[in-house]
Amino acid sequence: MVGPLLEDTDLLLLLSRRLLEFYDHHQRSLPWRDNLDVYSVWLSEVMLQQTGVVTVLPYYQRFMGEFPTLQALAQAPLERVLFHWQGLGYYQRARHLHQTAQMIVLHHGGVFPQQLELLLALPGIGRNTASAILAIAFNRPYAILDGNVKRVLARLTALEAPLNRVSEQCLWQLAQRLTPVERPGDYAQAIMDLGATICTPRRPQCPRCPWQPYCRARIAGRSEHYPITLASVTKPRRWQIGLLLSRADGRILLMKRSSRGLLAGLWEPPCSDILPETTTDQPLLPALSADTVCRGFGLEAADWTTAQPIRHTFTHFHLTLFPWQGRWLSGEPDINAARHQSWDWVAPDEIGQFPIATLHRKLLQVFRRGL
DNA sequence: AACACGGGGCA
DNA sequence: TGCCCAGTGTT
């Protein structure tokens, strides 16, 4: 139950004090903690929305090197921003980052707003990110509730409801009551550290936890049981054909995706539509051939060769990509505006300069040995 | 192979 | 309020 703890102001104060003490001794050393300016805090929070700290670190360092200030980011071409984001996934966040930098320069004189409502009006900034910025960069007493904090609080209270909007409302209340007026920024980072290093999804290290004596899940000996989650849906399998078309001069065809929708603005080799896998026990050969896909783009090619299929898991489905390499003969690519905005014949040693998602990097590498 | 992380945006 | 989003690392 969240209720009784909400009213026990002495216990709430004790918990926040113990956590701050833990933070003073065990905080992680992270580059954005060297200098808690609002630009660093915002960038790190957006990157950490989707990935663990270890993956984010090199991206953060490179991004900061390339765009050291909000102004630098706002002035950069979107393509450069996407280039430094490639491989991190969820590319809409990179576009929002760029948009927000430009909006702050245009509408806020280049200075980050410090009001919750103004922050929430910026793309890519929701309640948690806005609160994290206000708490960590401006030391204002706003509560955060990311995945780590949800887990910590669900265990502290032995929350019996699965995480959903209703139960999370209760956790938001609790998170707010726990947030101290003194050092709210350190507190926000402390509770995220606790979830990341001690109160982990599996095998939590309860003996090292400053909240151990007060944690209802721990007292019941069921720490790992919380938070309660609903059974996950199995991901559907889908497949697709990807084409590597090379010209006599060795250049390869890349197409730039349209500026809206999936992978907006990123480059890719021409690919078929994504189709559902209809087989149950025996995989059927794709009913679509590389040549058909090629003609769909208005191109003629010959000498098709294939390689091992590429398996890639996305958030909502498993994809098998069948790679085909062909020698281009004639035709200019058709631009179907819904999918692409432009195309280019790219020399192999220039491919590294284009923003390309992980799956399509894999596709380009499949034939690298053969080239 | 299953699971957890992760939160904003939109219909 | 449910659903969507072209991943990744761990077990």
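Worth saying up front: this structure is predicted, and the values here are computed from it rather than measured.
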So which nucleotide from B/dG9, B/dA1, B/dG7 ends up closest to the side chain of A/P123?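 Shortest atom-to-atom distance from the side chain points to B/dG9.
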Check residues 99-112 of chain A and write down every donor-acceptor pair under 3.5 Å in which the side-chain atom is one partner and the other belongs to a residue at least two apart or another chain.
| from | atom 1 | to | atom 2 | distance (Å) |
| --- | --- | --- | --- | --- |
| A/T100 | OG1 | A/H96 | O | 3.2 |
| A/T100 | OG1 | A/P123 | O | 2.7 |
| A/Q102 | NE2 | A/A74 | O | 3.1 |

Base, sugar-phosphate, or nothing for [X], non-hydrogen atoms under 4.0 angstrom?
X: A/L319; result: base
X: A/D146; result: sugar-phosphate
X: A/E168; result: nothing
X: A/G52; result: nothing
X: A/R203; result: nothing

On DNA chain B, compare the nucleotides closest to A/T313 and A/R93; which residue's is nearer the 5' end? A/T313
Determine whether the aromatic ring centres of residues A/F314 and A/F317 are separated by less than 6.0 angstrom. yes
Rounded to whole angstrom units, what separation is found between the CZ atom of A/R311 and the P atom of C/dT8? 17 Å
Identify whether NZ of Lys or CZ of Arg in A/R183 sits under 6.0 Å from the centre of the six-membered ring of A/Y187 and within 45° of that ring's axis.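 Checked: cation-pi criterion not met.
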So, is A/N148 near the phosphate of B/dG6, with a side-chain N or O under 4.0 Å from OP1 or OP2? yes
Residues A/D146, A/K150: salt bridge by 4.0 Å N-O rule: no
